[in-house]
Amino acid sequence: MSLAALVLDWFPANARDLPWRRSETTPWGVLVSEFMLQQTPVARVEPVWTAWMAQWPTPSALAAAPRADVLRAWGKLGYPRRALRLHEAAGVIAVKHGDVVPADLDALEALPGVGSYTARAVAAFGYGRRCPVVDTNVRRVVARAVHGHGDAGPARTAADLADVDALLPPGDRPAAVVSAGLMELGAVICTARAPRCGICPVHAECAWQAAGRPDYTGPRKPVQGFAGTDRQVRGRLLDVLRGADGPVERAALDAVWSDGAQRDRCLDSLLVDGLAEQLDDGRFALPA
DNA sequence: CAAGCGTGGAA
DNA sequence: TTTCCAAGCTT
């Protein structure tokens, strides 16, 4: 039995019941979920996605909202520039695509905040197309099950796509199911640390098992620090703006970080990014 | 192309 | 406590 066939058997019966996977979810709902899931755990996304879709069920609905509302709804998901890009993308979809999320890869990738992964995920999960989807989960599953390595090394974009393309069955529907299944496998079974090989549906066909599960010896991705970085400072500044009912005095922002030079630099960068605005009276607020 | 971009749960 | 990591994108 092939890897794809094993995944095809396993996934429908074992898939987590995530709200964006339900049959009534629109491609717009899928796109929103993919934005939120970029570098962010499923558990944190679920409640935000549900509230978001209730408030903005279509691209045009989101596009009509003030950025401040969008940033508050995004809450503490992290990387708030994603929220602005989703807002922008919604505007493009509303005016250039008749309020319908495009199914075409090139049109999808032209949207702000949509790269190769997100475009392919929308095509596969939103439209049921046969379209190789390569994320960190899939790369790890392929590295192990196909290549017998302990983990995926640095991305090899074209080769990664070819690897996955070679796994997918020919039809749109089964290929889309396998794509979702490969991601699910990487998320819940073939995990980065402590993979659950004992209950893995692909165990019998896994090259890593066959090779005796050798350790990964390649280069490790350096883990990003956080404490003391601009990212932390920006997060604190934005948290003040999100939590305030209206504009805040500079003093309220000064209080969140003692290093004035770093604080000023971060506040400037938030203004540049469109995540904050300064009013004529000198106070600061989320953008209108 | 390497670096920068948030946040918080789990090991 | 510290470290690692979670469905990437942009410049």
Side-chain angles (χ1 to χ4, degrees), chain A residues 11 15-16 18-21 25 29-49 71 74-86 88-89 108-126 131-142 151-152 154-157 160 164 176 179-196 216 219-242 256-257 262 265-266 269-270 272-276:
Chain A
F11 181 64
R16 289 168 294 175
L18 305 176
W20 48 86
R21 282 181 176 165
T25 302
V30 172
L31 179 65
V32 171
S33 77
E34 295 301 341
F35 263 88
M36 292 181 173
L37 287 162
Q38 291 167 5
Q39 302 286 283
T40 307
V42 165
R44 218 178 307 165
V45 167
E46 277 205 34
V48 179
W49 183 89
L71 289 169
W74 191 262
K76 306 198 79 170
L77 279 184
Y79 293 141
R81 292 190 295 191
R82 290 182 293 167
L84 294 186
R85 290 179 182 141
L86 177 55
E88 280 181 67
L108 283 163
E109 281 204 54
L111 298 171
V114 177
S116 173
Y117 163 75
T118 301
R120 291 168 173 281
V122 169
F125 311 142
C131 182
V133 177
V134 179
D135 76 328
T136 182
N137 288 308
V138 173
R139 295 203 333 106
R140 185 172 54 250
V141 169
V142 169
D151 204 344
R156 300 150 41 248
T157 312
D160 292 337
V164 177
S179 289
L182 288 172
M183 289 183 59
E184 186 78 347
L185 196 59
V188 304
I189 305 285
C190 194
T191 52
R193 42 188 176 193
R196 306 166 70 190
Y216 175 72
R220 292 279 176 188
K221 183 180 304 185
V223 293
Q224 290 183 332
F226 181 64
T229 62
D230 286 4
R231 245 162 50 253
Q232 181 180 25
V233 179
R234 285 164 54 102
R236 287 198 184 180
L237 292 170
L238 199 56
D239 198 42
V240 171
L241 299 180
R242 260 195 319 255
V256 305
W257 199 255
Q262 185 178 21
R265 167 159 47 86
C266 289
S269 74
L270 289 176
V272 169
D273 287 348
L275 288 164

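A note on names: the letters A, B, ... follow the listed sequences, proteins ahead of strands, and every chain is numbered from 1.
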Less than 4.5 Å apart, side chain to side chain, heavy atoms only: is that true for A:Val114 and A:Glu34? no
Ignoring backbone atoms, test whether A:Arg242 places a side-chain nitrogen or oxygen under 4.0 Å from the OP1 or OP2 oxygen of B:dT7. yes
Any A:Lys76 side-chain nitrogen or oxygen under 4.0 Å from OP1 or OP2 of B:dG8: yes
For side chain to side chain contact (heavy atoms under 4.5 Å, CB included), just list the numbers for A:Asp135 and A:Val138, CA-CA rounded to whole Å, side-chain angles, deciding distance to a tenth of an Å, and then say yes or no. CA-CA 5 Å; A:Asp135 76 328; A:Val138 173; 3.1 Å; yes
Determine the contact category for [X]: base if any of its heavy atoms lies under 4.0 Å from a base atom, sugar-phosphate if only primed atoms, P, OP1 or OP2 are that close, otherwise nothing.
{"X": "A:Asp273", "answer": "nothing"}
{"X": "A:Phe226", "answer": "base"}
{"X": "A:Leu238", "answer": "nothing"}
{"X": "A:Val138", "answer": "nothing"}

Taking the same atom, [atom1], in [N] and in [M], what whole-Å distance lies between them?
{"N": "B:dC5", "M": "C:dA6", "atom1": "C1'", "result": "15 Å"}
{"N": "C:dC9", "M": "B:dG8", "atom1": "P", "result": "23 Å"}
{"N": "C:dA7", "M": "B:dA11", "atom1": "P", "result": "15 Å"}
{"N": "C:dG8", "M": "B:dC1", "atom1": "C1'", "result": "15 Å"}

Check the distance between [N]'s [atom2] and [X]'s [atom1] and give it to me in whole angstrom.
{"X": "A:Trp257", "N": "B:dG6", "atom1": "CH2", "atom2": "P", "answer": "14 Å"}
{"X": "A:Trp74", "N": "B:dC5", "atom1": "CH2", "atom2": "C1'", "answer": "13 Å"}
{"X": "A:Gln262", "N": "B:dC5", "atom1": "CD", "atom2": "C1'", "answer": "14 Å"}
{"X": "A:Arg236", "N": "B:dC5", "atom1": "CZ", "atom2": "C1'", "answer": "17 Å"}
{"X": "A:Gln232", "N": "B:dG4", "atom1": "CD", "atom2": "P", "answer": "15 Å"}

CZ/A:Phe35 to CZ/A:Arg85 distance, rounded to the nearest 0.5 angstrom? 8.5 Å
Would you compute the distance between atom CG of A:Leu270 and atom CG of A:Leu241 and round it to the nearest 0.5 angstrom? 7.5 Å
Check the pair A:Lys76 / A:Arg44 against side chain to side chain contact (heavy atoms under 4.5 Å, CB included), numbers first and verdict last. CA-CA 9 Å; A:Lys76 306 198 79 170; A:Arg44 218 178 307 165; over 6 Å; no
Counting neighbours of CZ on A:Arg196 that are heavy atoms of other residues, nucleotides or ligands and sit closer than 6.0 Å, is the number greater than 12? no
Which protein N or O atoms sit under 3.5 Å from an N or O of nucleotides 4-8 of chain C?
unit_1, atom_1, unit_2, atom_2, d
C:dA7, OP1, A:Asn137, OD1, 2.7
C:dA7, OP1, A:Asn137, ND2, 2.5
C:dA7, OP2, A:Asn137, OD1, 3.4
C:dA7, O5', A:Asn137, ND2, 3.0
C:dA7, O4', A:Asp135, OD2, 2.8
C:dA7, N9, A:Tyr117, OH, 3.4
C:dA7, N7, A:Glu34, OE1, 3.4
C:dA7, N7, A:Glu34, OE2, 3.3
C:dA7, N6, A:Trp20, NE1, 3.1
C:dG8, OP2, A:Gln39, N, 3.2
C:dG8, OP2, A:Gln39, NE2, 3.0
C:dG8, N7, A:Gln39, NE2, 3.3

Given 3.5 Å as the limit, does a donor-acceptor pair link the side chain of A:Arg82 with the main chain of A:Gln38, or not? yes
